[in-house]
Amino acid sequence: GKNLMKALVINCSPVRNGATAEIANIVSEKLKTKFDVKNICIDDFSVGLCKGCRSCHTTAKCIQHDDVDLIMSNYEWADVIVSVSPSYWADIPGQFKVFIDRCTPWCNTHEPHATISGGKTGYAIALRTGPSMRECNRIIESIEHFYGHMEIECCGSLGLCSIEYKEALETRKDEILDFIKNYRIDIYKDLVFWPIVALWLTGNILEAYYTGEAFFVNTFGIIFMSFLLLIKNLCENFNDWLNTPLDKNERYKYRRKRIS
C-alpha cells in the first residue's frame with residue numbers, strides 16, 4: 001500500500017533457489033505484514049566489472065551503462081534494506097562484490113558523489129556451511145562497510161552457521177523470525193520522551209501566560225526537564241549496551257532496532 005514503509009530484501013547469492021534465497025523469502029514474507037516488499041536476487045541483473053578508471057571521482061557517474069542504476073533505484077525506493085549473503089571463501093559472493101565496486105559513484109569518500117536519500121536502515125544476514133561464527137562476522141562486516149559508505153544506518157545483523165542447503169532451515173526459521181522482530185529500545189525512547197517534552201513546554205507556556213512568570217524560569221520545570229534528560233541519556237546508554245556484543249560469536253543476539 002502507498003502508506004506502508006518499503007523494504008528491499010536482496011539475495012546476494014547467484015543461486016535463486018538455495019538456502020540464501022529461502023532466507024530472503026522467509027524475511028520477505030514476514031515483512032509483508034507491515035511493509036511494501038521487494039525481493040531481488042543479485043544474479044537477476046547484468047553488472048560489469050569496475051574498470052578502476054576513477055572517472056566517477058570527478059563526475060559522480062560511471063562510464064558503464066548496465067543494471068547498476070536499476071539496482072540503485074531499488075535502494076532509493078526502500079526505507080529498509082536487508083542483505084542476505086552466503087559465504088564464498090569467507091566473504092560475500094563475487095557477484096555482490098562486483099556490484100559494491102560499481103557503487104563507487106555513490107561512495108561518500110570522494111566529492112562529488114551521487115547520493116541516495118537519507119534515513120535508510122540496513123540489516124545483514126550471513127550464512128555459512130561450517131560451524132564457526134567468525135566467517136559470518138566477516139561477511140557482515142563487508143556488508144556493513146558498504147552500508148556505511150552509502151550512508152545507510154547499520155541496525156542489525158544475524159549469523160547462521162551450519163547451513164548448506166535450504167532443508168537445514170527447517171529448524172532455524174524461528175531464529176530468523178526472532179531476528180526480524182528484534183526489540184527496538186529507541187522507539188520507546190522517542191515515543192515516550194518527546195511527547196513528555198511537548199507536554200512540559202505546553203505547561204510552561206500556559207503558566208507563563210496565566211501567571212506572568214518568565215518562561216523556563218520556574219524551578220519545578222527546570223528540575224523536571226533535567227530528570228527527563230537524564231532518563232533520555234539512560235535510554236541511549238542502554239541502547240548502546242544492547243548494540244554492543246558481549247561475544248563476537250553471539251553478536252547478533254545483542255543488535256537492536258526491530259525491522260518489523
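No hydrogens, no waters, no symmetry mates; every other heavy atom, side chains included, goes into these values. The first residue in the sequence is number 1, and the count goes up from there.
No continuous path of hydrophobic side-chain contacts links Leu8 to Phe179 [ILVMFWY only; heavy atoms under 4.5 Å]. Hydrophobic clustering of Ile, Leu, Val, Met, Phe, Trp and Tyr side chains at less than 4.5 Å, counting indirect connections, keeps Trp77 apart from Ile81. When hydrophobic clusters are built by joining Ile, Leu, Val, Met, Phe, Trp and Tyr residues whose side-chain heavy atoms come closer than 4.5 Å, directly or via intermediates, Ile116 is grouped together with Ile71. A chain of hydrophobic side-chain contacts below 4.5 Å, direct or via other Ile, Leu, Val, Met, Phe, Trp or Tyr residues, connects Ile163 to Ile26. In terms of hydrophobic clustering, with Ile, Leu, Val, Met, Phe, Trp and Tyr side chains grouped at heavy-atom distances under 4.5 Å, Tyr88 and Ile100 are assigned to different clusters.
Closest approach of Pro86 to Ile139, counting heavy atoms only: O-CD1, 3.7 Å. Of all heavy-atom pairs spanning Ile140 and Ser157, the tightest one is CG2-CB, 3.6 Å. Among all heavy-atom pairs drawn from Ala19 and Leu127, the shortest one is CB-CD1, 3.9 Å. The minimum heavy-atom distance between His149 and Asn108, with the atom names listed, is ND1-OD1, 2.9 Å. Between Ile42 and Ser13, the shortest heavy-atom contact is CG2-O, 3.7 Å. Considering all non-hydrogen atoms of both residues, Cys161 and Pro131 come closest at SG-O, 3.6 Å.
Contact of the Val68 side chain with the Trp106 side chain is registered, since non-hydrogen atoms from C-beta on lie closer than 4.5 Å. Side-chain contact between Asn11 and Ile40 is absent, with no heavy-atom pair separated by less than 4.5 Å. In this structure, the side chains of Cys12 and Gln95 stay at 4.5 Å or more apart for every pair of heavy atoms. Annotation: side chain of Ile63 is in contact with side chain of Lys51 (closest heavy-atom distance under 4.5 Å). Side-chain contact check for Leu160 versus Ile125: some heavy-atom pair is nearer than 4.5 Å. Using a 4.5 Å cut-off on side-chain heavy atoms (C-beta onward), Tyr123 and Glu144 make no contact.
Salt-bridge annotation for Glu175 and Arg172: present, with a side-chain N of the basic residue lying under 4.0 Å from a carboxylate O of the acidic one. Here Asp91 does not pair with Lys97 in a salt bridge; the nearest charged N to carboxylate O distance is not below 4.0 Å. Taking a cutoff of 4.0 Å between a charged side-chain nitrogen and a carboxylate oxygen, Glu29 and Lys32 qualify as a salt bridge.
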Go through Asp43 and Arg16 one step at a time and tell me if the salt bridge (charged side-chain N to carboxylate O under 4.0 Å, His left out) criterion holds.
-> CA-CA 8 Å; Asp43 208 48; Arg16 296 178 177 84; 3.6 Å; yes
Under the ring pair (Phe, Tyr, Trp, His ring centres under 6.0 Å) criterion, do Phe96 and Phe45 qualify, and how do the steps go?
-> CA-CA 11 Å; Phe96 193 61; Phe45 303 90; over 10 Å; no
Would you check, one step at a time, whether the test side chain to side chain donor-acceptor pair (under 3.5 Å) holds for Ser83 with Tyr147?
-> CA-CA 10 Å; Ser83 301; Tyr147 284 160; 2.7 Å; yes
Could you give me the CA-CA distance, side-chain angles and deciding distance for Leu31 and Ile180, then say whether side chain to side chain contact (heavy atoms under 4.5 Å, CB included) is met?
-> CA-CA 8 Å; Leu31 293 181; Ile180 298 300; 3.8 Å; yes
Take Ser87 and Glu135 through the side chain to side chain donor-acceptor pair (under 3.5 Å) test and state the conclusion after the steps.
-> CA-CA 7 Å; Ser87 172; Glu135 204 166 294; 2.4 Å; yes
Show the numbers, then the answer: is there a side chain to side chain contact (heavy atoms under 4.5 Å, CB included) between Glu22 and Asn25?
-> CA-CA 5 Å; Glu22 183 64 18; Asn25 291 337; 4.1 Å; yes
Thr115 and Glu151: side chain to side chain donor-acceptor pair (under 3.5 Å), yes or no, with the steps?
-> CA-CA 9 Å; Thr115 59; Glu151 299 185 1; over 6 Å; no
Can you check side chain to side chain contact (heavy atoms under 4.5 Å, CB included) on Asp79 and Thr121, steps first, answer last?
-> CA-CA 7 Å; Asp79 301 299; Thr121 55; over 6 Å; no
Report the C-alpha distance between Ile176 and Leu169 in whole Å, list the side-chain angles of each, state the deciding distance to 0.1 Å, and finish with yes or no for side chain to side chain contact (heavy atoms under 4.5 Å, CB included).
-> CA-CA 9 Å; Ile176 298 166; Leu169 294 169; 4.2 Å; yes
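Ring orientation note: the planes of His110 and His57 are close to parallel, at an angle under 30° on the 30°/60° scale.
Expressed to the nearest 0.5 Å, how far OG1 of Thr171 lies from CD of Glu167 amounts to 11.5 Å. Separation of atoms CD1 (Ile10) and SG (Cys41) is listed at 8.0 Å; rounding is to 0.5 Å. Expressed to the nearest 0.5 Å, how far NZ of Lys6 lies from CD of Glu76 amounts to 10.5 Å. Taken from SG in Cys154 to CD in Glu141, the straight-line distance is 11.0 Å, to the nearest 0.5 Å. To the nearest 0.5 Å, the span separating NZ on Lys120 from CE on Met150 amounts to 9.5 Å. Distance check, rounded to the nearest 0.5 Å: CZ of Arg128 to CZ of Arg134 gives 10.0 Å.
In this structure, Glu164 contributes its side chain and Gly130 its backbone to no donor-acceptor pair below 3.5 Å.
Residue Arg102 is tested with Asp67, Asp69, Asp66 for a side chain to side chain donor-acceptor pair (under 3.5 Å); the sole match is Asp66.
Enclosure of atom CZ in Arg54 is not indicated, since only 12 or fewer non-hydrogen atoms of other residues, nucleotides or ligands lie within 6.0 angstrom. Crowding of His145 atom NE2: a count of heavy atoms from other residues, nucleotides or ligands under 6.0 Å not exceeding 12. Atom NZ of Lys38 has more than 12 heavy atoms from other residues, nucleotides or ligands within 6.0 Å.
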